[in-house]
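Any value given below was found using the heavy atoms of this structure, including those in side chains, with hydrogens, waters and symmetry copies removed. Here the structure is a predicted model, which means the values were calculated and not measured.
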Amino acid sequence: MSEVFHSFGKMLYGGDYNPEQWLDHPEILEQDIALMKEAHINVVSLGIFSWSALEPEEGRYDFSWMEERINTLYENGISVFLATPSGSRPRWMAEKYPEVLRVDARGQRARYGERHNHCYTSPVYRQKVRQMNMELAKRFGSHPGVIAWHISNEYGGECHCPLCQAEFRSWLKKKYGTIENLNRSWYTAFWGHAYQDFDQVEGPSPLGDSSVHALNLDWKRFVTDRTVDFMKHEIQALRDAGSDKPATTNMMYYYDGLNYHKFADAVDFVSWDNYPVWHKGPETETAMDTGMYHDIMRSIQKKPFYLMESCPAATNWQSVSKVKRPGLLEAASLQAVAHGSDSVQYFQIRQSRGSSEKFHGAVIDHYGGNDTRVFGEVRQTGADLEKLRDLAGSSVRAQAALIYDWENRWAMEDAAGPRNQNLFYKETVEKSYYAFRKAGLNVDVIDMEQSLEDYQVLAVPMVYMFRVGFEEKLRSFVERGGTLFMTYWSGIVDDTDLCFLGGSPHGLMDVLGLRHEELDALYDGETNRAVPVADNPLGLTRSYSCEHFCDLVKVTDAKPLFVYGDDFYAGQPALTCHSWGRGQAYYICADMEQSFYDDVYGKVLEQQKIRPILPGVKLPEGVEVTSRESDTTVYIFLQNFGREEVQLELPEELEPVLGGDKKRLPSFGTLVLERKVK
């Protein structure tokens with residue numbers, strides 16, 4: 001991966017385009033160009049599932065249709081993200097080389113069909129992918145219309161075939177060195193499951209071992225590493241064929257099968273596919289949830305990312321595929337830009353006539369005209385993105401961060417206690433995120449391996465597993481003056497899911513001034529209360545409800561700010577604070593309601609003088625504020641995800657770039673302001 005961010009000098013706007021579905025309709029292909037230009041589209045992703053059209057028989061390539069399309073698009077000012085088609089191999093390959101098909105955890109090999117059921121280890125598949133990618137790179141790698149490589153599509157899944165099992169054993173041998181180290185780390189003495197040799201190890205299976213937690217955890221790590229290795233293999237083929245254009249792969253919303261942070265050094269820029277379930281609940285909540293995932297994607301490299309897919313209308317695969325209300329398409333698109341995206345792209349440009357996504361929303365629907373509501377909103381969004389051209393390459397600078405760690409989630413959800421259903425990990429992370437956002441801060445969402453140097457305040461929710469010396473990072477963060485918020489069920493196990501001895505949170509009991517003793521898991525519907533201590537330094541006077549978890553702690557030096565109101569532990573600490581070094585460490589003992597986080601974080605941020613994006617401005621409920629910065633300009637986005645118009649009072653010196661009216665913000669409206677850097 002290049003250390004330099006690949007800015008394309010403008011906001012990219014477009015989506016997935018599948019002209020191979022329309023080769024027998026040249027008039028439609030001609031119409032597509034006209035409609036894309038009218039909609040201000042300047043980029044398309046091409047060739048994602050095109051292998052059978054590019055190589056209809058083994059060794060017989062047909063790139064003529066793709067060359068004609070790339071040339072025509074380029075002549076009309078539309079660039080291409082050219083995909084490698086490994087996500088859907090042709091039927092002839094599966095029939096001739098069945099080893100390319102995956103084997104599931106029960107040992108059953110898949111038949112040909114669907115997508116992404118290929119083995120990442122298969123030498124045959126790797127060879128065929130390399131050949132295809134090199135042919136693509138030789139023909140199009142220097143084409144001026146091709147600006148980047150789109151590697152495969154939404155990598156996911158795993159294979160348990162003999163080839164992958166052998167690779168897993170090699171991976172373990174490299175990691176642990178000796179079988180004794182593996183047995184010790186995996187705690188195989190429990191149930192007498194000790195291995196005598198690496199050759200005995202198999203991946204987790206419902207027909208074999210599935211309760212050795214470290215085995216499950218290492219298997220997930222291996223699957224990530226195998227996927228990244230396969231992606232690197234794909235990229236290397238392009239490089240070996242002479243193409244040095246940047247490469248990305250499209251990631252997915254909260255996909256728990258892969259640790260996306262491990263892709264950071266393998267791609268030149270991060271991209272992802274965004275499909276929120278709009279209108280099922282309040283749009284403000286959906287927007288906040290989506291904003292957090294935009295921030296996760298941006299934080300992987302701490303550079304601008306690219307929104308590779310979104311839906312301009314209704315999807316067809318959600319349980320209820322709801323139509324977007326007027327204005328939401330643009331609001332959702334510009335939210336990605338606000339959080340650091342340099343593109344807005346849709347699936348799909350033209351709606352397919354048949355098969356599984358024939359009713360998935362598109363820029364151009366089956367009617368094919370330019371007078372639909374959706375096309376009009378796509379056109380307007382494209383026009384507005386052209387006004388935001390100067391934002392391309394600008395960054396989001398965050399004072400606050402919180403930890404969302406894939407490996408921690410894997411371990412916690414497999415822990416067999418204290419709740420075996422509904423740990424509410426993501427929801428707990430979101431509560432801190434929402435509180436920071438409501439306080440008007442930009443937020444980075446990082447994992448345990450990333451630096452904490454740039455932040456003033458850090459939230460560490462439910463970090464059950466401490467790995468990569470994370471406790472030492474937290475000690476240094478607080479010691480040098482940082483403000484830390486940690487919650488219950490943190491610092492319990494090491495990186496192989498072995499419980500720490502001597503007390504928890506491991507390595508931080510002196511920093512927090514307390515020790516965890518018991519965690520009470522509450523039944524669904526059961527609640528407790530957090531009652532403020534009289535004259536607490538935050539000046540908070542109301543009580544808050546809590547559910548799901550109540551941590552019982554033994555305080556040493558920490559000061560209780562809230563105590564439990566009910567049950568046998570009434571009067572015991574529910575929120576504590578401890579000054580350590582030059583910083584402060586707060587410990588949230590229970591799964592508190594959102595307003596607790598809003599109020600506590602708001603008071604602490606105010607006392608610590610951590611400045612929001614718009615100091616002194618009180619924004620209406622449901623309005624999100626985010627900012628991006630270049631060397632010369634700060635761009636401030638205000639977005640109203642509520643269903644009612646709101647009134648604004650903003651500083652006079654802020655000049656509108658988009659939206660115009662600084663006094664009012666309509667439902668699903670966006671206002672972009674700029675302030676020059678002095």
Side-chain angles (χ1 to χ4, degrees), residues 253 274-295 307 310-315 318 320 322-341 344 373-374 376-378 380-381 384 388 396 427 430-443 593-599 601-602 612-628 635-651 654 656-673:
Y253 169 86
N274 176 32
Y275 295 99
V277 182
W278 290 106
H279 309 311
K280 187 175 182 179
E283 288 84 5
T284 53
E285 293 181 6
T286 306
M288 195 72 80
D289 176 83
T290 305
M292 185 169 115
Y293 208 79
H294 285 316
D295 288 341
L307 180 60
S310 58
C311 188
T315 67
Q318 292 170 341
V320 175
K322 187 79 171 170
V323 168
K324 288 183 171 68
R325 296 175 68 87
L328 183 58
L329 183 152
E330 181 170 22
S333 299
L334 294 181
Q335 185 190 32
V337 175
H339 285 255
S341 179
V344 173
R373 180 178 71 87
V374 170
E377 293 200 27
V378 169
Q380 182 60 54
T381 302
D384 285 344
L388 300 177
V396 175
E427 292 80 0
E430 285 180 325
K431 287 178 181 179
S432 288
Y433 178 83
Y434 293 2
F436 284 145
R437 278 287 174 199
K438 290 176 182 179
L441 300 179
N442 288 331
V443 187
E593 61 179 291
Q594 182 64 56
S595 59
F596 171 90
Y597 284 87
D598 297 345
D599 294 345
Y601 283 30
I613 296 166
L614 287 173
V617 175
K618 183 173 178 58
L619 293 173
E621 188 76 21
V623 174
E624 179 179 292
V625 58
T626 314
S627 68
R628 295 182 64 164
Y635 301 93
I636 299 171
F637 285 72
L638 296 171
Q639 293 195 278
N640 177 16
F641 285 99
R643 293 200 180 187
E644 303 294 332
E645 178 178 297
V646 297
Q647 305 302 309
L648 301 174
E649 294 185 17
L650 299 171
L654 297 176
V657 178
L658 183 70
D661 193 340
K662 292 170 57 177
K663 299 294 186 182
R664 53 180 287 276
L665 194 57
S667 172
F668 305 137
T670 299
L671 174 65
V672 183
L673 307 166

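The two atoms that bring Ala439 and Pro612 nearest to each other are O-CB, 3.4 Å, heavy atoms only. A pairwise comparison of heavy atoms in Thr286 and Pro276 identifies CG2-CB, 3.8 Å as the closest pair. Between Ser667 and Gly642, the shortest heavy-atom contact is OG-O, 2.8 Å. When all heavy atoms of Pro326 and Phe668 are compared, the closest pair comes out as O-CD1, 3.5 Å. Residues Pro651 and Val617 share a closest heavy-atom pair of CD-CG2, 3.9 Å. For Ala313 against Val374, the heavy-atom pair with the smallest separation is CB-CG2, 3.9 Å.
Between the Asn640 side chain and the Val623 main chain, no donor and acceptor come within less than 3.5 Å of each other. With Gln639 contributing its side chain and Ala331 its backbone, the two residues share a donor-acceptor pair below 3.5 Å. With hydrogens and angles ignored, the 3.5 Å screen pairs a side-chain donor or acceptor of Lys324 with a backbone N or O of Cys311. Side chain of Glu644 to main chain of Pro666: no donor-acceptor pair is present (N/O by atom type, distance under 3.5 Å, no hydrogens or angles). For the pair Tyr635 (side chain) and Leu388 (backbone), a donor-acceptor distance under 3.5 Å is absent.
The aromatic rings of Tyr601 and Phe436 lie tilted to each other, with the angle between the two planes from 30° to 60°.
Considering only heavy atoms from C-beta on, Phe637 stays 4.5 Å or farther from Leu658 through its side chain. Contact of the Thr381 side chain with the Leu329 side chain is registered, since non-hydrogen atoms from C-beta on lie closer than 4.5 Å. Side-chain contact between Trp278 and Arg325 is absent, with no heavy-atom pair separated by less than 4.5 Å. Val657 places none of its side-chain heavy atoms less than 4.5 Å from the side chain of Leu673. Annotation: side chain of Glu377 is not in contact with side chain of Pro312 (no heavy-atom distance under 4.5 Å). Put simply, the side chain of Lys438 does not reach to within 4.5 Å of the side chain of Leu619, judged on heavy atoms. With contacts defined as side-chain heavy-atom distances shorter than 4.5 Å, the pair Leu648/Leu671 qualifies. The shortest side-chain heavy-atom distance between Lys322 and Lys280 does not fall under the 4.5 Å cut-off.
No side-chain donor-acceptor contact under 3.5 Å links Glu330 and Ser333. In this model, a donor atom of one side chain and an acceptor atom of the other lie less than 3.5 Å apart for Asn442 and Ser627.
Considering CG of Asp598 and OH of Tyr434, their distance stands at 11.0 Å, rounded to 0.5 Å. In this structure, CD on Glu430 lies 12.0 Å from OH on Tyr293, to the nearest 0.5 angstrom. Distance CG/Leu665 to CD/Glu645: 8.0 Å, rounded to 0.5 Å. Separation of atoms CD (Gln647) and CG (Asp661) is listed at 8.5 Å; rounding is to 0.5 Å. Distance CZ/Phe641 to CE/Met288: 9.5 Å, rounded to 0.5 Å.
Salt bridge Glu427/Lys431: absent, no basic N to carboxylate O contact under 4.0 Å. Salt-bridge check for Arg437 with Asp295: passed, with a basic side-chain N closer than 4.0 Å to an acidic carboxylate O.
Of the residues Leu614, Val672, Thr670, the one that meets the side-chain contact (heavy atoms from CB on, under 4.5 Å) test with Leu638 is Leu614.
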**OP:** Evaluate the criterion side chain to side chain donor-acceptor pair (under 3.5 Å) for residue pair Gln335 and Glu624; output intermediate values, then yes/no.
**Re:** CA-CA 9 Å; Gln335 185 190 32; Glu624 179 179 292; 3.3 Å; yes
Original post:
Would His339 and Leu334 satisfy side chain to side chain contact (heavy atoms under 4.5 Å, CB included), going step by step from the backbone distance to the final call?
Top reply: CA-CA 9 Å; His339 285 255; Leu334 294 181; over 6 Å; no
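By the neighbour-count criterion of 12 heavy atoms within 6.0 Å, atom CD of Glu649 is sparsely surrounded, having that number or fewer from other residues, nucleotides or ligands.
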